[in-house]
Amino acid sequence: MTAGRIRKVLVANRGEIACRVMRTLGNLGIRSVAVYSDADRDALHVGQSDEAVHLGAAPAAESYLRIDRVIAAAKATGVDAIHPGYGFLSENPAFVRACADAGITFIGPDADAIEVLGRKDAAKQLMEQAGVPVVPGYHGGNQDASFLAGEADAVGYPVLIKARAGGGGKGMRLVERPEDFPEALESARREAQAGFGDDQVLIEKFISSPRHIEIQVFGDRSGNVVHLFERDCSVQRRHQKVIEEAPAPGMTDAMRQAMGAAAVQAAKAVGYVGAGTVEFIVDGSGGLRPDRFWFMEMNTRLQVEHPVTEAVTGQDLVAWQIAVAEGGPLPMTQDQLGIQGHAFEARLYAEDTGRDFLPSTGTLAVLDLDGTARVDTGVRQGDRITPWYDPMIAKLIVHGPDRMTALGRLQAALEGSFVAGCTTNLRFLARLCALERFRAGDVETGLIARESEALAVAAAPPPEIVAAAAMIVSRPAKTGGRTGPWDHAGYWRAWGGAELAVSLDGQEVRLAMRADGGADVRAGGWEGHCRWTGPGDGCLVVNGCVTELRHHLDGHELLVASGGNEWVLTVDDPGAMAEEGGGRGDRVTAPMPGLVTRIAVEAGEAVGEKQLLAVMEAMKMEHAMRAPRDGVISRVHVRQGDQVESGTLLLELEPGTQTEP
Ligand code: ADP
């Protein structure tokens, strides 16, 4: 299956990894072919390729997972090789064999290696034989429940039950006490059967205070294997990586040498070719020690977090993959490789961190990612995050001479980014960077769960933010959030001295306009002076303090971001306020300064509750004034076209009986 020179590659993937692979292909002068589903017709990866082939409907099973169609696309476009990215078909031995049958080079390891490493039990047996330290436990074929319970006793509690076909934390159960074992086993089996069609499990000792440290390895067809050092992926939520870094905090030369040697040994045990990752679980309770790490599994593809390794080694791992797939030697020997500085990667997901990290969907109304970081993404502003695929929006990768500098850069890049239109973990990531334990390098897989309180979103916006929000919504024109300077001058001229009421989260905020273009703002018991400074979307001076702000108004929802925090405030329809406040009793008053654009009733007319009485326009929006109750209009105080102040009496009602229409 050795190839010779590769001139054209089909990338059997989508999103950021398809774009990332194509970037290197372009740099190497290799032509690229993209594939896409119905949902991805206009996706970034399609636009970045030289050619693109449609695969099928949006569900992955009908497009990106269709081996026959991917192979047909590869043949039709005459490619020499296929790069599988990660996920989808990247670790599917049947796909690798189908590539070989079609005479196309698969950029990755051989099918046999993928097969054996894809099963946690088989992989562990093999590693044990090769002398690689393996987590104590049982990974044999006897699946009898009472036998497994006995093995769990022998291993010692707490134990972890894992689906042998598992991935993504599915089919995994932590069991603290023997009496909980039978039920946990049952539920792990059910989940494994549903997720992988295979209910076999293994038992592992649960390492307390565990760290996830993995080693990047590379093999070539001549049997050479090198490692490109470690990545620490301990910062996880729901057993999934969130922030990765290299090198691992607290790593010692002895530990790095031991782990690197074990990883190379693991790769050699399966005659590994290409990029792979050997994942180890490390007991970090007493610092990193060479006798406290154990093999967990080996991933036979390029990892999501490979850019941190690229950042510290200065290597392009996709270029390495191509070199090896062409049958050439590894670009560097172990001695030539070294680590420079420190790197972090943060994964920006469309997910709700406040609701157990549930994926979210939506249109990216604003996608402004800080360019001081390396940004690997597969989407643009205006693109949709659909429920069909992984909800990752982008990866932000930073590098610095040392850990604190790199972490500072990551935090700055996160705080300098703004995303609106779907719920994301952006601010969560920023708060994570500020966490004392993380800054100290005191990482372990339970960090996020343990620090959940500190990481939770500030419940209610502070008064300064409420005031800022009121200033934003009372702005004269809708500029879409990020365009040009706000033309408040004209507005204030028109309404100088006026008082304006805004309803935010059900709370009334009053703004008294001042000649300097600012406003005295009252919200609850809080009072302060606010004014904009400088042009554009940005800085608000609240009581003399400059606050940098980003915002996006979508219907009644106002997203305000400042520093490491973000709040969503509901902007209530002032028309609704009119019903409650301005329209109580017999008098209907203007809830805000504005233009009376319509009077819908006459004096003497009988009206029913909620019947339309008048329409006002303010803040470029129309507000309907409705009858607060059944009655008869006694007087109309204004005419169509009148400009009125907040609180102006518009209409009066006399008590009366409702007439049938
Ligand atoms: P999956 O393939 O489902 O992702 P892994 O075996 O890779 O499962 O484990 C996922 C995560 O679960 C690890 O990164 C680690 O946080 C935790 N984990 C796995 N094995 C152990 C163990 N023996 N002790 C403690 N934590 C573990």
Side-chain angles (χ1 to χ4, degrees), residues 16 20 86 209-217 227-237 239-253 255-256 259-260 263 277-282 284 287-288 293 296 299 302-315 317 337-349 370 372-376 392 394-415 417 425-426 428-448 450-451 455 564:
E16 69 88 15
R20 189 264 164 272
Y86 54 70
S209 192
R211 284 175 63 174
H212 174 126
I213 302 180
E214 58 186 33
I215 306 285
Q216 175 72 55
V217 294
H227 69 85
L228 288 92
F229 316 104
E230 79 277 5
R231 292 184 287 259
D232 194 313
C233 313
S234 301
V235 181
Q236 303 182 346
R237 50 108 179 85
H239 300 300
Q240 299 282 300
K241 300 158 189 169
V242 180
I243 292 184
E244 302 95 345
E245 62 181 300
M251 183 54 97
T252 61
D253 283 344
M255 178 80 164
R256 179 174 292 136
M259 290 188 80
T277 295
V278 185
E279 295 189 335
F280 293 102
I281 187 116
V282 177
L288 296 180
F293 71 89
M296 244 189 330
N299 293 322
L302 196 66
Q303 299 273 102
V304 174
E305 60 274 20
H306 76 275
V308 292
T309 299
E310 296 187 320
V312 294
T313 60
Q315 302 301 308
L317 297 193
L337 286 160
I339 297 180
Q340 285 264 307
H342 204 101
F344 284 94
E345 173 186 276
R347 301 187 188 191
L348 177 64
Y349 281 106
D370 194 308
T372 59
R374 165 176 164 183
V375 176
D376 280 17
M392 192 162 71
K395 307 185 303 202
L396 269 63
I397 304 110
V398 297
H399 183 249
D402 53 67
R403 187 171 189 270
M404 283 323 275
T405 309
L407 189 53
R409 287 179 183 166
L410 180 63
Q411 191 170 356
L414 291 165
E415 289 181 2
S417 298
N425 66 342
L426 179 60
F428 177 86
L429 292 170
R431 284 195 295 277
L432 203 48
C433 292
L435 206 63
E436 208 34 65
R437 281 188 56 198
F438 182 47
R439 297 177 66 77
D442 181 12
V443 292
E444 43 104 2
T445 59
L447 178 81
I448 286 180
R450 210 154 293 165
E451 298 279 346
L455 292 169

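For reference, positions follow the sequence shown, starting with 1. Just the heavy atoms: all of them, side chains too, but no hydrogens, waters or symmetry mates, feed the values below. Fair warning: this is a prediction, and the values are worked out from it, not measured in the lab.
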Discussion item. Tell me the closest heavy-atom pair linking Gly260 and Ile215, and the distance in Å.
Written reply: N-CD1, 4.2 Å

Fill in: Spacing of NZ belonging to Lys241 relative to CD belonging to Gln236, to within rounding of 0.5 Å
7.0 Å

Fill in: Heavy-atom closest pair, residues Met251 and Ile213
CE-CG2, 4.3 Å

Worksheet item: What distance separates Arg431 CZ from Leu455 CG, expressed to the nearest 0.5 Å?
Response: 7.0 Å

Discussion item. To the nearest 0.5 Å, what is the distance between CZ on Phe344 and CG on Leu410?
Written reply: 7.0 Å

Worksheet, complete the sentence: Note: Met392 and Tyr86 closest approach over all heavy atoms is CE-OH, 3.4 Å

Worksheet entry | Listed partners of Glu415 passing side-chain contact (heavy atoms from CB on, under 4.5 Å), at least two apart | Gln411, Ala430

Worksheet entry | Nearest-0.5 Å distance, CG of residue Asn425 to CG of residue Leu432 | 9.5 Å

Fill in: Contact check, side chains of Val282 and Phe293, non-hydrogen atoms, under 4.5 Å
yes

Discussion item. Could you check whether any side-chain heavy atom of Val235 comes within less than 4.5 Å of a side-chain heavy atom of Phe438, counting everything from C-beta outward?
Written reply: yes

Worksheet, complete the sentence: Applying ring-ring contact (aromatic ring centres under 6.0 Å, His included) to His212 and not counting sequence neighbours gives none

Worksheet item: Does atom CD of Gln340 have more than 12 heavy-atom neighbours, drawn from other residues, nucleotides or ligands, at distances under 6.0 Å?
Response: no

Response to the item:
Nearest heavy-atom approach of Ile281 to Pro210 is CD1-CB, 3.6 Å

Worksheet entry | With Tyr349 via ring-ring contact (aromatic ring centres under 6.0 Å, His included) - residues at least two apart | none

Worksheet entry | Set of ring-ring contact (aromatic ring centres under 6.0 Å, His included) partners for His306, sequence neighbours left out | none

Return all side-chain donor-acceptor pairs below 3.5 angstrom for residues 243-250, not counting sequence neighbours, or 'none' if the list is empty.
| residue | atom | partner | partner atom | Å |
| --- | --- | --- | --- | --- |
| Glu244 | OE2 | Arg347 | NE | 2.7 |
| Glu244 | OE2 | Arg347 | NH2 | 2.7 |
| Glu245 | OE1 | His342 | NE2 | 2.7 |
| Glu245 | OE1 | Arg403 | NE | 2.7 |
| Glu245 | OE2 | Arg403 | NH2 | 3.1 |

Fill in: Contacts of type side-chain contact (heavy atoms from CB on, under 4.5 Å), residue Asp253, not counting sequence neighbours
Arg256

Discussion item. So, using salt bridge (Lys or Arg N to Asp or Glu O under 4.0 Å) as the criterion, who are the partners of Arg409 when residues are at least two apart?
Written reply: none

Discussion item. Under the rule for side chain to side chain donor-acceptor pair (under 3.5 Å), what residues qualify as partners of Thr405, not counting sequence neighbours?
Written reply: Asp402

Discussion item. As an exercise, state the distance from CZ of Phe428 to CD1 of Ile448, rounded to the nearest 0.5 Å.
Written reply: 4.0 Å

Practice prompt. Could you list the residues that satisfy side chain to side chain donor-acceptor pair (under 3.5 Å) with Asp370, not counting sequence neighbours?
Written response: Thr372

Item to complete: Measure across Leu414 and Cys433 and return the closest heavy-atom pair with its distance rounded to 0.1 Å.
Response: CD1-SG, 3.7 Å

Practice prompt. Kindly indicate, with the supporting measurements, whether the criterion salt bridge (charged side-chain N to carboxylate O under 4.0 Å, His left out) is fulfilled by Glu230 and Arg211.
Written response: CA-CA 12 Å; Glu230 79 277 5; Arg211 284 175 63 174; over 6 Å; no

Worksheet, complete the sentence: Across all chains, not counting sequence neighbours, the side-chain contact (heavy atoms from CB on, under 4.5 Å) partners of Arg437 are Asp442, Glu444, Leu447, Arg450, Glu451

Item to complete: Name all residues meeting the side-chain contact (heavy atoms from CB on, under 4.5 Å) criterion together with Asp376; count only those two or more places apart in sequence or in a different chain, and write none if there are none.
Response: Glu16, Arg20, Arg23, Pro307, Arg374, Lys395, Ile397

Fill in: With sequence neighbours excluded, residues passing side chain to side chain donor-acceptor pair (under 3.5 Å) with Arg231
Glu214, Gln216, Thr277, Thr309

Item to complete: Identify the two heavy atoms, one from Ala346 and one from Leu429, that lie closest to each other, and give their separation to 0.1 Å.
Response: CB-CD1, 4.1 Å

